[in-house]
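Quick note: numbers below take in every heavy atom, side chains included, and nothing from hydrogens, waters or symmetry partners.
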Amino acid sequence: LLNSRLLEEIAYAKAVVPQARPGIYTNGDALRRPLFDRLVEAGTEYLRVTRYPHRAETEPSYEAITKWLEQAGLDGSELGWRFAPTRQGLAATTRVGRLSVEVISPQILAAYNNRGGSVTMLGLPSTERTAPCLMTATSATTAER
């Protein structure tokens, strides 16, 4: 979300590939209501905000999600947030036009892994990777240089 060209890149992707479904994964630190509204207008179709805790053992909570929604200016009832458990922990979800939004409070120790043993800190469970991560083969991304 710190990419100053983000909205233009979304518009370009939609213009060049009309069937594109732009999605954004973020920790939400830079997301506030004005940018959220611009992302909706730009044609973003998926927004996933993962609010990582400061400590891996911290349990997910709807309170943490609600607090962040308030700070971001996204707590209005017109957004119709629904709160429910998710595979990663707890989530608030909504839909605004074509934009599907998930705000997740993750359960780090139970839902995340240590990347096949490459991460030796954080107290994450040690498991060997049995299948490749195909996210890079199925998703496109841009990086500012």
Fill in the blank from the handout: For R55, the side chain to side chain donor-acceptor pair (under 3.5 Å) test, sequence neighbours excluded, returns E57

Completion exercise
One should read off an interatomic distance between E41 CD and I10 CD1, to the nearest 0.5 angstrom, of 11.5 Å

Practice task
Mark yes when over 12 heavy atoms from residues, nucleotides or ligands other than R95 sit less than 6.0 Å from its CZ; otherwise mark no.
Solution key: yes

Completion exercise
dist I24:CD1 -> L35:CG (nearest 0.5 Å) comes out at 7.5 Å

Completion exercise
Minimal heavy-atom distance between P60 and S105, with the atoms involved, is CB-O, 2.9 Å

Problem - Closest heavy-atom pair and its distance - P106, P53 - result: CG-CD, 4.0 Å

Handout entry: ring pair (Phe, Tyr, Trp, His ring centres under 6.0 Å) partners of residues 54-101, not counting sequence neighbours, each pair once
Key = Y62-F83

Problem - Check: L31 and L74 side chains under 4.5 Å, non-hydrogen atoms - result: yes

Practice task
Could you tell me whether the side chain of L79 reaches within less than 4.5 Å of the side chain of F36, counting heavy atoms only?
Solution key: yes

Practice task
For residues L6 and L39, determine if any side-chain heavy atom of one lies less than 4.5 Å from a side-chain heavy atom of the other.
Solution key: yes

Exercise for the section: Report yes or no: does R51 contribute a side-chain atom to a donor-acceptor pair with the main-chain N or O of N27 at less than 3.5 Å? Expected result: yes

Problem - Distance, nearest 0.5 Å, that separates CG of L90 from CD of Q107 - result: 8.0 Å

Practice task
Quick one: which residue pairs count as a salt bridge (Lys or Arg N to Asp or Glu O under 4.0 Å) with a foot in residues 59-81, not counting sequence neighbours?
Solution key: R33-E78

Handout entry: Same cluster (ILVMFWY, side-chain, under 4.5 Å), V96 and I104
Key = no

Handout entry: From OG1 (T94) to CG (L99), nearest 0.5 Å
Key = 8.5 Å

Exercise for the section: For T86, enumerate each residue passing the side chain to side chain donor-acceptor pair (under 3.5 Å) test, keeping only those at least two apart in sequence or located in another chain. Expected result: Q88

Handout entry: salt bridge (Lys or Arg N to Asp or Glu O under 4.0 Å) contacts touching residues 12-28 (sequence neighbours left out)
Key = K14-E45, R21-E45

Handout entry: Sidechain-backbone polar pair: T26 side chain, G28 backbone, donor-acceptor under 3.5 Å
Key = yes

Handout entry: Residues forming a ring-ring contact (aromatic ring centres under 6.0 Å, His included) with Y46, sequence neighbours excluded
Key = Y25

Completion exercise
Note: S61 and A64 closest approach over all heavy atoms is OG-N, 3.0 Å

Practice task
Give the cluster check for V103 versus V40: same hydrophobic cluster or not, with ILVMFWY residues linked at side-chain heavy-atom distances below 4.5 Å.
Solution key: yes

Exercise for the section: Quick one: pull up OG1 in T58 and CD1 in I108 and give me the separation to the nearest 0.5 Å. Expected result: 9.0 Å

